[in-house]
S.K.: 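The structure follows.
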Amino acid sequence: MKVPSSVEEAVALQVALAPSVVTTPPPDFAPRTATGLDVAYATDSPLVAAAVVTVEVATGEVLESATAVGEAGFPYVPGLFAFRELPTLLEALGGLSVAPELLVADGHGLCHPRRFGLACHLGVETGLPTFGVAKTPIGEYEAPADTRGARTPLVDGGEEVGAAVRTQPRVKPVFVSVGHRIDLDTACALSLTLAPRFRLPETTRQADHLSRRTLRNHAA
DNA sequence: GCGACAG
DNA sequence: ATCTTGTCGC
């Protein structure tokens, strides 16, 4: 993947790619597995560790994982942070022996100023159904009822760009949005299925742990 | 000008 | 994102 050399170039790339996002799932889409992705950053170096973990949707059991270590070749700019993680994430994905059926990104998809967040970019780049689960919202929303499964619209610029989903009672909701080749209802349903016990889906939890462990091992 | 701003 | 101890709860 080619990393833009300027903010202007990065924005232009997002604007150019955004129209290729598909907001409809494949026919009879019922993934048996889901692959979570996350990246850990080093404190005092440009090193990043990416981890991808494939779990069985029905049980949460880990089936396979892969990692990659690289460098963040782009500064952190809100709205452009995908460019920091994408190259290393794609490299890690290449390490899997079984092709993913569905990607679950750690961040937003259509909930993005140009409707092309990390989850969209990952989806368009790989061609795979993808959605994003973020821990922090962009836009406005009303607090969902305090019941697992409760959901309210996430609105940005007058558009519904995602949903606040309560995966656990008395716990802050997560923010789900479409990445590619999926619809919001399916993404919300899968988010719930993948988070039977904790706030975040098992996919991102596993990927988060593995990326941190990979970064530590790399230092040592 | 000042604060906000996924990870 | 990352820097960090103890503490409450299952």
S.K.: Using the rule that two of Ile, Leu, Val, Met, Phe, Trp, Tyr join whenever any of their side-chain heavy atoms come within less than 4.5 Å, decide whether A:Val161 and A:Val124 are in one cluster.
M.R.: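 No.
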S.K.: How about A:Phe131 and A:His180: are their ring centres within less than 6.0 Å of each other?
M.R.: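 No: the rings miss the under 6.0 Å criterion.
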S.K.: Could you run through DNA chain C and flag its stems, i.e. three or more consecutive Watson-Crick or G-U pairs with both distances under 3.5 Å?
M.R.: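 Correct response: none, since no qualifying run exists.
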S.K.: Quick one: list whatever passes side chain to side chain contact (heavy atoms under 4.5 Å, CB included) with A:Thr35, sequence neighbours left out.
M.R.: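 Checked A:Thr35 against side chain to side chain contact (heavy atoms under 4.5 Å, CB included); matches are A:Val52, A:Thr54, A:Leu93, A:Leu96, A:Pro100, A:Leu103.
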S.K.: Are A:Val11 and A:Phe81 connected into the same hydrophobic cluster when the rule is that any two of I, L, V, M, F, W, Y join if their side-chain heavy atoms are below 4.5 Å apart?
M.R.: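 Yes: a chain of side-chain contacts under 4.5 Å links A:Phe81 to A:Val11.
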S.K.: A side-chain contact here means heavy atoms from C-beta on lying under 4.5 Å apart; do A:Val7 and A:Leu80 qualify?
M.R.: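 Answer yes - side chains close enough.
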S.K.: Below 4.0 angstrom, which residues in residues 128-147 of chain A have at least one non-hydrogen atom near DNA chain B?
M.R.: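 Close to the strand are A:Ala134, A:Lys135, A:Thr136, A:Ile138.
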S.K.: Are A:Glu101 and A:Thr33 close enough that a side-chain donor and a side-chain acceptor fall under 3.5 Å?
M.R.: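 There is such a pair between these side chains.
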S.K.: Going by distance alone, is a donor N or O of one side chain under 3.5 Å from an acceptor N or O of the other, for A:Asp183 and A:Thr186?
M.R.: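 Judged by distance alone, the side chains do pair up.
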S.K.: Using whole Å, what does the distance between atom C1' of nucleotide C:dA1 and atom CG of A:Asp208 come to?
M.R.: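 Taking atom C1' of C:dA1 as the reference, CG of A:Asp208 is at 10 Å.
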S.K.: Could I get the full list of ring-ring contact (aromatic ring centres under 6.0 Å, His included) partners for A:Tyr141, not counting sequence neighbours?
M.R.: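 A:Tyr141: ring-ring contact (aromatic ring centres under 6.0 Å, His included) contacts with A:Phe175.
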S.K.: Check this for me: does any side-chain nitrogen of one of A:Glu159 and A:Arg115 sit under 4.0 Å from a carboxylate oxygen of the other?
M.R.: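 Judged by the 4.0 Å cut-off on N to carboxylate O distance, A:Glu159 and A:Arg115 do form a salt bridge.
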S.K.: Would you jot down, in residue-number order, the residues of residues 111-122 of chain A having a non-hydrogen atom under 4.0 Å from DNA chain B?
M.R.: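 Contacts with DNA chain B under 4.0 Å: A:His112, A:Gly117, A:Leu118.
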S.K.: Return yes if some donor-acceptor pair links the side-chain N/O of A:Ser45 with the main-chain N/O of A:Ala42 below 3.5 Å, else return no.
M.R.: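 The answer is no, because no donor-acceptor pair under 3.5 Å joins these two groups.
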S.K.: At the 4.0 Å heavy-atom cut-off to chain A, mark where contacts on DNA chain B begin and end, going 5' to 3'.
M.R.: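 With heavy atoms of chain A under 4.0 Å away, the range is B:dC5 to B:dG7.
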S.K.: For residues 6-63 of chain A, pull every pair meeting ring pair (Phe, Tyr, Trp, His ring centres under 6.0 Å), keeping only residues two or more places apart or in separate chains.
M.R.: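 Non-adjacent pairs meeting ring pair (Phe, Tyr, Trp, His ring centres under 6.0 Å): zero.
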S.K.: On a heavy-atom basis, which atom in A:Ile182 and which in A:Thr130 lie closest, and how many Å separate them?
M.R.: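 Closest approach of A:Ile182 to A:Thr130: CG2-O, 3.4 Å.
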S.K.: Using 4.0 Å as the upper bound for N to carboxylate O, is an ion pair formed by A:Arg205 and A:Asp38?
M.R.: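 A salt bridge is absent here (no side-chain N lies under 4.0 Å from a carboxylate O).
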S.K.: Taking 4.0 angstrom as the limit, do A:Arg151 and A:Asp185 come out as a salt bridge?
M.R.: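 Salt bridge between A:Arg151 and A:Asp185, a charged N being under 4.0 Å from a carboxylate O: yes.
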S.K.: So A:Phe116 and A:His121, would you call those rings parallel, tilted or perpendicular, with 30° and 60° as cut-offs?
M.R.: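 Rings of A:Phe116 and A:His121: tilted, as their planes differ by 30° to 60°.
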S.K.: What does the B/S/- profile of nucleotides 5-10 of chain C look like, 5' to 3', with a 4.0 Å heavy-atom cutoff to protein?
M.R.: ------
S.K.: Minimum heavy-atom separation for A:Gly109 and A:Cys120, please, with both atom names.
M.R.: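 So the two residues come closest at C-SG, 3.3 Å.
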S.K.: Roughly, in whole Å, what's the span from OH in A:Tyr76 to C1' in C:dT2?
M.R.: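 Distance, rounded to whole Å: 13 Å.
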S.K.: Closest heavy-atom contact between A:Leu192 and A:Thr167?
M.R.: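 Reported closest heavy-atom pair: CD2-CA, 4.0 Å.
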S.K.: May I ask you to list the residues of residues 160-181 of chain A, by number, that have any heavy atom positioned under 4.0 Å from an atom of DNA chain B?
M.R.: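 None, since no heavy atom is under 4.0 Å.
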S.K.: Kindly say whether A:Phe74 contributes a backbone atom to a donor-acceptor pair with the side chain of A:Arg84 at under 3.5 angstrom?
M.R.: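 It does hold such a pair.
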S.K.: With pairs defined as Watson-Crick or G-U wobble and both distances under 3.5 angstrom, please note down DNA chain B as a dot-bracket string, | for pairing with another strand.
M.R.: .......
S.K.: The criterion is side chain to side chain donor-acceptor pair (under 3.5 Å); which residues satisfy it with A:Gln168, sequence neighbours excluded?
M.R.: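 Testing A:Gln168 for side chain to side chain donor-acceptor pair (under 3.5 Å), a comparison that skips the adjacent residues, returns none.
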S.K.: Examine distances only and state if a side-chain atom of A:Thr88 and a backbone atom of A:Glu85 form a donor-acceptor pair shorter than 3.5 Å.
M.R.: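 Between the backbone of A:Glu85 and the side chain of A:Thr88 there is no qualifying donor-acceptor contact (under 3.5 Å).
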S.K.: Which of residues 37-49 of chain A sit near DNA chain C, with a heavy atom under 4.0 Å from it?
M.R.: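 The stretch gives A:Ala40, A:Tyr41, A:Thr43 as the residues lying under 4.0 Å from the strand, ordered by number.
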S.K.: Same cluster or not: are A:Leu90 and A:Val104 linked, directly or through other Ile, Leu, Val, Met, Phe, Trp or Tyr residues, by side-chain heavy atoms under 4.5 angstrom apart?
M.R.: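 Yes; A:Val104 is reachable from A:Leu90 via cluster members.
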S.K.: Under a 3.5 Å distance rule, please check whether A:Arg181 uses its side chain to pair with a backbone N or O of A:Thr23 as donor and acceptor.
M.R.: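 No, the answer is negative, given that no donor and acceptor are paired below the 3.5 Å cut-off.
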